[in-house]
Amino acid sequence: MFRSHTCGELGKTDVGKQVTLSGWVNTRRDHGGLIFIDLRDRYGLTQVVFDSEKYPPAWAVAEKLRDEFVIRIEGVVTGRPPEMVNPHLPTGSIEVRVSGVEVLNSSKTPPFEVSYLPAEGDTSTQTVNEELRLKYRFIDLRRRRMLENLEFRSRLTLFIRQWMVKNGFIEVETPILTVSSPEGARDFLVPSRLHPGKFYALPQAPQQYKQLLMVGGIDRYFQIAPCLRDEDARADRSPGEFYQLDVETSFMTQEEFFTLMEPLFIELTETLTKKKILRKPFPRIPFAQAMAKYGTDKPDIRFGLEIQDVTSMVAECGFSVFSEAVNSGGVVRAIVATGAAGMSRSQIDELTEVARKNKAKGLAYIVVKEDELSSPIIKFLGEELALELVKELNAKPGDTIFFGAADKAIVAASLGAVRAELGKRLDLIDSTMMAYCWIVDFPMFEYNEQEKKVDFCHNPFSLPQGGLEALNTQDPLTILAYQYDIVCNGVELSSGAVRNVTPDIMYRAFEIAGYTREQVDAKFGHMIRSFEFGAPPECGFAPGIERMAMLLRDEPNIREITAFPKNGRAEDVMMGAPSEVDAQQLKELHIKVAHD
RNA sequence: GGACCGUUCGCUUAGUUGGCUAAAGCGCCUCCCUGUCACGGAGGAGAUCACGGGUUCGAGUCCCGUACGGUCCGCCA
């Protein structure tokens with residue numbers, strides 16, 4: 001027998017029991033004739049004691065033990081006198097007196113330290129170079145941070161599955177080998193042995209399958225679905241592969257869908273974490289309003305600092321940066337940074353740099369003091385207008401007003417970035433808060449400056465608001481879609497939409513984006529044909545599992561939530577993937593590799 | 001594809017205006033220690049400062065290039 005108990009479960013009530021424990025040597029404290037080892041497994045630490053007088057053979061083995069050796073011990077659980085209790089250890093009131101020990105496997109000195117204190121908030125694991133952690137992930141997984149994250153992720157997906165099933169959803173696995181789609185992300189391709197020159201594609205998302213499931217009458221579908229995209233990484237976007245809670249429903253309006261799904265986010269947040277939810281029900285923020293007030297379609301609404309428009313106030317003013325922006329069709333907008341008046345010049349310069357990175361030419365500001373205004377732009381603006389602005393923007397002494405003046409998109413991007421930075425710098429972000437919101441009413445189309453044509457803004461399968469009539473009568477750039485996002489703490493958890501399941505509306509929408517009927521049929525004909533056989537109205541979304549876990553666990557990136565993540569260049573450094581394959585494999589697949 | 005930041009013993013870091021024979025804590029090795037719990041004590045090993053070039057009497061430090069890593073932009077319907 002390897003173990004009668006785990007290393008985390010023995011306590012006072014077990015005193016006197018003969019037990020067997022197996023685990024890793026976490027730390028070893030050698031006192032000469034007495035050796036203490038903290039034995040570690042997934043469940044915790046237990047102190048085991050080797051006594052040279054009572055059990056010389058076991059003690060002799062213990063002398064040779066080193067960190068991360070895997071051992072099995074037998075012994076008797078002994079209570080510790082009060083002064084020897086370790087209050088930091090759940091098992092600290094007992095220890096095991098070892099009568100026999102077996103080395104199950106030895107270990108090289110690990111490349112980084114594994115041992116941890118059992119205390120809450122141990123952050124030691126965060127400091128080791130991540131490349132090294134990924135190369136030796138199997139060791140990294142023994143550490144508290146990864147262990148707890150994997151346990152959390154498991155609880156999260158279990159909770160989701162139970163909730164979904166309870167609410168009438170059924171989980172359906174959709175194919176991993178599917179067809180390449182010219183739209184969207186770059187596909188991972190899989191060559192076909194039986195069909196020379198042809199390729200499967202790994203699914204970027206089960207989008208088309210889930211719509212076919214709706215046509216098939218599965219009116220509440222979900223899947224914790226792998227999504228594979230050959231695109232570059234970000235902190236919240238792993239390269240290659242990630243998981244989504246893919247959801248689709250039939251016969252629900254957008255608002256009914258929100259009402260159905262919100263409790264999932266509320267319940268999982270409140271059940272699995274100590275975090276609080278900012279607002280219930282979640283705010284619905286139209287896209288245009290999000291862009292105007294927060295400068296982004298994924299606002300962090302845990303703090304205010306909303307962007308205000310002052311275009312009309314400064315249209316005629318003496319500060320040419322403002323008036324010229326207005327005259328050339330742009331806007332002037334402002335953020336009142338509460339309590340920012342104490343910022344140093346160099347701090348303001350750093351904020352200016354943030355604005356510049358987002359294509360702003362600069363960052364005008366007015367520091368509001370008790371009895372005066374201090375600003376490099378007042379001499380152009382005039383004292384009177386400056387005071388009017390302060391009043392209109394409701395700025396108080398101690399605040400600083402930051403301005404953006406340019407075309408709408410640049411002002412949104414630059415002030416949005418400044419707002420996010422101010423949120424951090426002014427310590428306005430409550431990290432115990434989960435601020436969910438729905439962003440709704442995305443535009444159906446956008447103008448593609450490079451190609452000088454109208455493009456889909458998001459998903460071409462979204463239903464335009466106003467239907468066919470809107471497509472036929474409105475300026476395409478003014479048409480909104482039943483297209484929405486769910487956002488939390490400035491992170492987009494998911495897009496979603498009411499789908500367009502009417503072939504006529506589909507063809508017309510594609511026509512506006514410059515596709516002929518033949519082109520649409522070539523790409524999506526199989527799906528549109530299905531819509532000709534009675535497609536129900538449907539909507540859905542697909543929140544990213546890792547992004548949710550990352551927010552709920554306060555982790556800075558998605559790799560901390562993934563057991564075996566790819567690095568930034570989409571490599572598995574531990575397994576050595578991707579790798580070359582042998583010539584025979586290539587031959588069977590009818591592949592010739594061109595090395596250039 | 002582009003921008004920025006980084007790379008110093010196994011790990012984490014320090015290294016000032018160029019003076020380094022490169023420092024510390026942890027870890028590792030040897031020895032001592034029967035109540036420690038991140039044990040303690042004594043001693044020791046371990047670094048061509050990512051790589052290549054340049055400036056200089058002299059480069060870890062300054063400059064150029066390359067590689068690798070991270071963050072961001074592009075991309076992600």
Side-chain angles (χ1 to χ4, degrees), chain A residues 26-39 45-54 59 63 66-68 78 80-81 83-89 91-92 95 97 108-119 122-136 139-140 181-187 204-205 207-208 227-240 242 353-354 356-359 413 417 442 444-446 448 450 455-462 481 483 492 495 497 509-510 513 515 523-524 544 556-557 559 567-569 571 573:
Chain A
N26 189 63
T27 52
R28 175 174 164 277
R29 294 177 292 279
D30 186 344
H31 287 253
L34 202 61
I35 295 171
F36 299 95
I37 281 176
D38 291 336
L39 196 62
L45 297 177
T46 297
Q47 173 167 284
V48 301
V49 191
F50 298 81
D51 191 317
S52 60
E53 285 175 8
K54 292 190 176 135
W59 175 86
E63 279 228 288
R66 293 295 180 270
D67 285 358
E68 300 310 309
T78 315
R80 300 201 208 177
E83 68 276 13
M84 286 182 207
V85 166
N86 182 348
H88 303 297
L89 211 56
T91 59
E95 62 194 11
R97 302 204 155 247
K108 291 183 180 176
T109 301
F112 49 83
E113 289 160 59
V114 180
S115 67
Y116 62 82
L117 283 173
D122 173 25
T123 55
S124 58
T125 54
Q126 291 174 10
T127 56
V128 176
N129 178 290
E130 196 186 1
E131 197 185 355
L132 197 69
R133 289 176 56 206
L134 291 184
K135 187 171 174 192
Y136 294 95
I139 299 174
D140 193 40
S181 153
E183 297 290 315
R186 225 172 265 126
D187 283 318
Q204 301 172 18
Q207 178 69 32
Q208 297 190 39
C227 299
L228 302 126
R229 299 178 184 175
D230 188 4
E231 295 293 350
D232 291 341
R234 288 289 182 281
D236 64 354
R237 202 171 81 200
S238 58
F242 58 95
E353 199 44 48
V354 169
R356 283 218 175 93
K357 271 190 179 166
N358 289 280
K359 295 185 183 150
F442 277 83
M444 184 75 194
F445 299 101
E446 65 188 355
N448 184 327
Q450 281 178 345
D455 255 346
F456 288 107
C457 190
H458 267 71
N459 188 320
F461 307 124
S462 299
Q483 167 85 42
E492 180 194 315
S495 282
F510 271 103
Y515 296 86
K523 286 176 180 176
F524 306 110
N557 69 61
R559 295 181 299 277
N567 70 5
R569 300 188 350 135
E571 295 164 321
V573 289

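So you know, we letter chains A, B, ... as the sequences are listed, proteins then strands, and number each from 1.
Taking atom P on both C5(B) and C64(B), the two are 11 Å apart, rounded to the nearest angstrom. Straight-line distance between the C1' atoms of G70(B) and U61(B): roughly 23 Å, to the nearest whole Å. Rounded to whole Å, the P atom of A14(B) lies 30 Å from the corresponding atom of G54(B). When the C1' atom is compared between A67(B) and U30(B), the two are found 40 Å apart, to the nearest whole Å. As rounded to the nearest Å, G53(B) and G69(B) have P atoms that lie 23 Å from one another. Rounded to the nearest Å, the gap between the C1' atom of A23(B) and that of C49(B) is 13 Å. Nucleotides G35(B) and U71(B) have their C1' atoms positioned 49 Å apart, rounded to a whole Å. With both ends at atom P, the span from G43(B) to G25(B) equals 12 Å, rounded to whole Å.
The base of G74(B) sits within donor-acceptor range of the side chain of Asp232(A), with an N or O pair under 3.5 Å. Looking at Arg234(A), its side chain comes within 3.5 Å of the base of G74(B) through a donor and an acceptor atom. Counting atom types as modelled, Asp30(A) pairs a side-chain N or O with a base atom of C33(B) as donor and acceptor under 3.5 Å. Put simply, the side chain of Arg229(A) and the base of C76(B) share no donor and acceptor less than 3.5 Å apart. A donor-acceptor contact under 3.5 angstrom links the side-chain atoms of Glu95(A) to the base of G35(B).
Heavy-atom nearest nucleotides on RNA chain B were determined for Glu571(A) and for Ala235(A), and the one closer to the 5' end corresponds to Glu571(A). When each of Gln204(A) and Val573(A) is assigned the nucleotide of RNA chain B with its nearest heavy atom, Val573(A) is the one assigned upstream, toward the 5' end.
Across all strands shown, A67(B) is found opposite U7(B) as a Watson-Crick or G-U wobble partner, with both distances under 3.5 Å. In this entry G43(B) has C29(B) as its Watson-Crick or G-U wobble partner, both defining distances falling under 3.5 Å. The partner of U56(B) cannot be assigned: no Watson-Crick or G-U wobble pair with both contacts below 3.5 Å exists in any strand. Across all strands shown, G18(B) forms no Watson-Crick or G-U wobble pair with both distances under 3.5 Å. Under the Watson-Crick or G-U wobble criterion, with both distances below 3.5 Å, U34(B) is left unpaired in every strand shown. With a cut-off of 3.5 Å on both pairing distances, U61(B) has no Watson-Crick or G-U wobble partner at all.
When the shell of 6.0 Å around NZ of Lys135(A) is examined, it contains 12 or fewer heavy atoms from other residues, nucleotides or ligands.
Of the possible polar contacts, one joining the Glu231(A) side chain to the Arg186(A) backbone as a donor-acceptor pair under 3.5 Å is found.
As judged by a 4.0 angstrom heavy-atom cut-off over every strand, Asp51(A) is placed among the base-contacting residues. Within the nucleic acid shown, Arg80(A) comes within 4.0 Å of at least one base atom, counting heavy atoms only. Residue Glu131(A) is in sugar-phosphate contact alone, with no base atom involved, counting any heavy-atom pair closer than 4.0 Å across all strands shown. Here Glu446(A) lies out of heavy-atom contact (under 4.0 Å) with every strand.
Computed from coordinates, the Phe456(A) CZ to C76(B) P distance equals 15 Å when rounded to whole Å. Between the P atom of A38(B) and the CD1 atom of Ile37(A) lies a distance of 16 Å, rounded to the nearest Å. In this structure, CG of Leu39(A) is placed 19 Å from P of C37(B), rounded to the nearest angstrom. With rounding to whole Å, Arg97(A) atom CZ is found 13 Å from U36(B) atom P. Note: CG (Leu228(A)) to P (C76(B)) measures 17 Å, nearest angstrom. Summarising the geometry, the separation between CG on Asp67(A) and P on A38(B) is reported as 14 Å, rounded to the nearest angstrom. Distance CD1 (Ile35(A)) to P (G40(B)): 16 Å, rounded to an integer number of Å. Counting to the nearest Å, the C1' atom of C72(B) and the CD atom of Glu353(A) are 13 Å from each other.
The structure places CG of Asp140(A) at 7.5 Å from CG of Leu134(A), a figure rounded to the nearest 0.5 Å.
For Arg66(A), no side-chain nitrogen or oxygen approaches OP1 or OP2 of C28(B) to under 4.0 Å. Side-chain nitrogen and oxygen atoms of Thr27(A) include at least one within less than 4.0 Å of the OP1 or OP2 phosphate oxygen of C39(B). Neither OP1 nor OP2 of U71(B) sits under 4.0 Å from any side-chain N or O of Arg237(A). Applying the 4.0 Å criterion to OP1 and OP2 of U36(B), one finds that Asn86(A) has every side-chain N and O outside that range. Taking only side-chain nitrogens and oxygens, Arg29(A) never comes nearer than 4.0 Å to OP1 or OP2 of A38(B).
At a threshold of 4.5 Å between non-hydrogen side-chain atoms, the residues Arg29(A) and Gln47(A) count as touching. With contacts defined as side-chain heavy-atom distances shorter than 4.5 Å, the pair Trp59(A)/Lys54(A) does not qualify. The side-chain heavy atoms of Glu63(A) and Phe50(A), taken from C-beta on, include no pair separated by under 4.5 Å. Within the 4.5 Å cutoff, side-chain heavy atoms of Lys523(A) are placed close to those of Tyr515(A).
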Which protein N or O atoms sit under 3.5 Å from an N or O of nucleotides 4-15 of chain B?
{"from": "G10(B)", "atom 1": "O2'", "to": "Pro111(A)", "atom 2": "O", "distance (Å)": "2.7"}
{"from": "U12(B)", "atom 1": "OP1", "to": "Asn129(A)", "atom 2": "N", "distance (Å)": "2.4"}

Is there any protein nitrogen or oxygen under 3.5 Å from a nitrogen or oxygen in nucleotides 47-51 of chain B, and what are the pairs?
none

Stepwise side chain to side chain contact (heavy atoms under 4.5 Å, CB included) test for Thr27(A) and Phe36(A): CA-CA 8 Å; Thr27(A) 52; Phe36(A) 299 95; over 6 Å; no

Side chain to side chain contact (heavy atoms under 4.5 Å, CB included) evaluation trace for Gln483(A) with Ser495(A): CA-CA 8 Å; Gln483(A) 167 85 42; Ser495(A) 282; 4.0 Å; yes

Criterion side chain to side chain contact (heavy atoms under 4.5 Å, CB included) on Arg97(A) and Asp51(A), from CA distance to verdict: CA-CA 8 Å; Arg97(A) 302 204 155 247; Asp51(A) 191 317; 4.2 Å; yes

Check the pair Asp67(A), Val114(A) against side chain to side chain contact (heavy atoms under 4.5 Å, CB included), reporting the backbone distance first and the verdict last. CA-CA 9 Å; Asp67(A) 285 358; Val114(A) 180; over 6 Å; no

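One finds no salt bridge joining Arg66(A) and Glu68(A) here, because no Lys/Arg side-chain nitrogen approaches an Asp/Glu carboxylate oxygen to under 4.0 Å. Remark: Asp232(A) does not engage Arg237(A) in a salt bridge, criterion side-chain N to carboxylate O under 4.0 Å.
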